[in-house]
Amino acid sequence: MTVKTRFAPSPTGYLHVGGARTALYSWLYAKNQGGEFVLRIEDTDVERSTQEAVDAILEGMTWMGLDWDEGPYYQTHRYERYNEAVEQLLADGKAYKCYASKELLDEIRAEQEANKEMARYDANHPKIKAVNDAAKDGDPCVVRFRNPKEGSVIFDDQIRGRIEISNSQLDDLIIRRTDGSPTYNFCVVVDDWDMGITHVIRGEDHINNTPRQINIYEALGASVPTFAHCAMILGDDGAKLSKRHGAVSVMQYRDQGYLPEALMNYLVRLGWGHGDQEIFTPEEMVKFFDLHDISKSASAFNTEKLQWLNNHYIKTLDADYVAKHLEWHFSDQGINKETGPALADVVRLVGERTNTLVELAQQSRYFYEDFSEFDEKAAKKHLRGVAKAPLELALSKIEALSSSDWTTENLHQVIEAVCTELEVGMGKVGMPLRVAATGAGQSPSVDAVMQLIGKERMIQRIKLALDYIAKREANAQ
Ligand code: GLU
């Protein structure tokens with residue numbers, strides 16, 4: 001039997017991290033088992049479903065690299081099939097038409113509550129029976145599933161273990177509304193059956209639906225899939241993860257400068273583990289993934305850990321690959337990548353110092369754009385009279401370097417030579433040069449920074465720094 005899993009989002013909003021993690025687990029399990037992964041859009045709630053949300057979900061899945069083998073299927077395209085299945089159950093006597101009006105059901109519920117009974121639908125209630133007996137074919141009605149009255153539903157949840165629910169707690173679910181539309185729990189079962197889904201991996205918010213759905217599978221003569229219900233994701237304060245904790249949509253993580261590899265690695269570990277390993281290549285995730293290792297308890301989102309992973313991937317993934325993602329942030333921040341070094345070189349030099357691509361872009365702007373002012377604090381501290389001689393000497397040595405000599409090693413030697421000739425320490429040369437080169441007091445190694453900035457720009461920037469010092473001295477007199 002080929003393992004087949006699915007991700008079945010309702011397109012009522014963006015793809016949030018909880019959904020993305022469920023999708024990832026389903027995807028990993030299919031891959032681990034040499035199976036297939038299906039994407040199904042559950043858009044029967046037409047009031048709340050939007051094309052925009054469908055697009056956002058597909059964009060999020062694609063960005064995460066969660067490719068699907070089949071689909072996307074759309075439930076709204078399958079109404080005929082659902083109706084066929086409703087008719088099958090009606091013909092088999094496993095479903096029935098109920099003509100009771102909403103008003104009558106409300107009245108009965110109020111009576112049950114007044115009598116301190118459990119409020120539930122009961123086909124044998126005399127008032128309901130009377131209405132149904134008197135009804136004629138063609139009168140408005142819903143179709144209800146005839147849930148078994150005896151026994152219980154037992155299933156072996158792959159995460160939570162054995163679960164047993166007595167049928168006495170389950171009432172006869174509406175499977176087709178008065179307007180002819182099928183209901184959610186019924187569509188899910190018909191879909192999972194038709195699509196050959198063997199493993200349903202989904203959020204624990206669906207656990208109450210599972211016993212009802214199992215009864216419907218059995219009534220239809222379908223084989224019941226294996227279920228795994230994943231616990232929730234909480235914010236760092238222990239409350240259910242929501243917008244007020246910051247980003248919740250997958251694409252917001254892209255916007256905040258995370259690589260898909262980092263988010264994927266973060267999400268896989270959030271509720272699943274393999275020994276104490278923290279970093280997994282996609283191949284390792286696929287190889288080690290097992291439903292039984294998914295945690296039963298809720299997991300708290302930890303942004304610091306996500307940042308740590310992101311830093312790891314910025315440093316270790318191929319720089320050309322990281323550069324492609326960085327490009328998006330350059331355009332987002334309005335930096336023209338044509339006006340400076342190759343992005344991959346910047347990734348190699350600046351990447352290890354940053355946790356996000358947003359920071360990486362921010363900290364790389366000076367390679368691409370000239371500036372006319374220096375960071376005030378850095379300039380006050382490092383562009384002083386004493387820096388004049390080191391900057392002038394460095395300038396003359398830099399001017400003397402030919403373009404083929406424009407290497408990090410040679411620039412390092414320039415700095416050393418200035419130190420030796422002027423008998424000053426490294427800081428007295430390196431820091432003014434850094435402020436001149438970058439406009440600020442912090443950067444990667446200044447020789448490598450100067451190399452990437454380029455000769456013409458460096459000459460111009462050292463001159464700007466010397467002008468600054470000259471003005472400052474003039475003002476001081
Ligand atoms: N459409 C449901 C949701 O978005 C998922 C249903 C399922 O996985 O069975 O929550």
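In listed order, ligands and their atoms are each counted from 1.
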*Carboxylate-amine/guanidinium proximity below 4.0 Å for R162 and D157*: no
*N/O separation below 3.5 Å, A8 to ligand 1*: yes
*Nearest non-hydrogen atom to atom 9 (O) of ligand 1 belongs to which of E42, Q213, H229, R202?*
R202
_Check ion pair K127-D122 (N to O, under 4.0 angstrom)_ = no
_salt bridge (charged side-chain N to carboxylate O under 4.0 Å, His left out), that's the test. Do R81 and E84 meet it? Break it down for me._
CA-CA 5 Å; R81 171 63 188 131; E84 196 181 285; 2.9 Å; yes
_I need the contact type for F227 against ligand 1. Using non-hydrogen atoms and a strict under-4.0 Å cut-off, is it side chain, backbone, both or neither?_
neither
_Proximal ligand 1 atoms for P9, defined as those under 4.0 Å from one of its heavy atoms_ = 4 (O)
*asked:* For E107, is there an ion pair with K102 - N to carboxylate O distance below 4.0 angstrom?
replied: no
_Would R6 count as a polar contact of ligand 1, with the cut-off being nitrogen or oxygen pairs under 3.5 Å?_
yes
*Quick one: does ligand 1 sit under 4.0 Å from the side chain of S10, the backbone, both or neither, non-hydrogen atoms only?*
both
_Lys/Arg-Asp/Glu bridge criterion (N-O < 4.0 Å) met for K4, E70_ = yes
_Taking the basic N atoms (NZ, or NE/NH1/NH2) and the acidic carboxylate oxygens, is any pair closer than 4.0 Å for D69 and R6?_
no
*Identify the protein heavy atom lying closest to atom 6 (C) of ligand 1, giving its residue, its atom name and the separation to 0.1 Å.*
Y184 OH, 2.7 Å
*Considering only non-hydrogen protein atoms, determine which one is nearest to atom 10 (O) of ligand 1 and report residue, atom name and distance to 0.1 Å.*
H206 NE2, 2.8 Å
*R144 NZ/CZ over Y121 ring centroid, <6.0 Å and within 45° of normal*: yes
_Using heavy atoms and a 4.0 Å limit, tell me yes or no: is F7 in contact with ligand 1?_
no
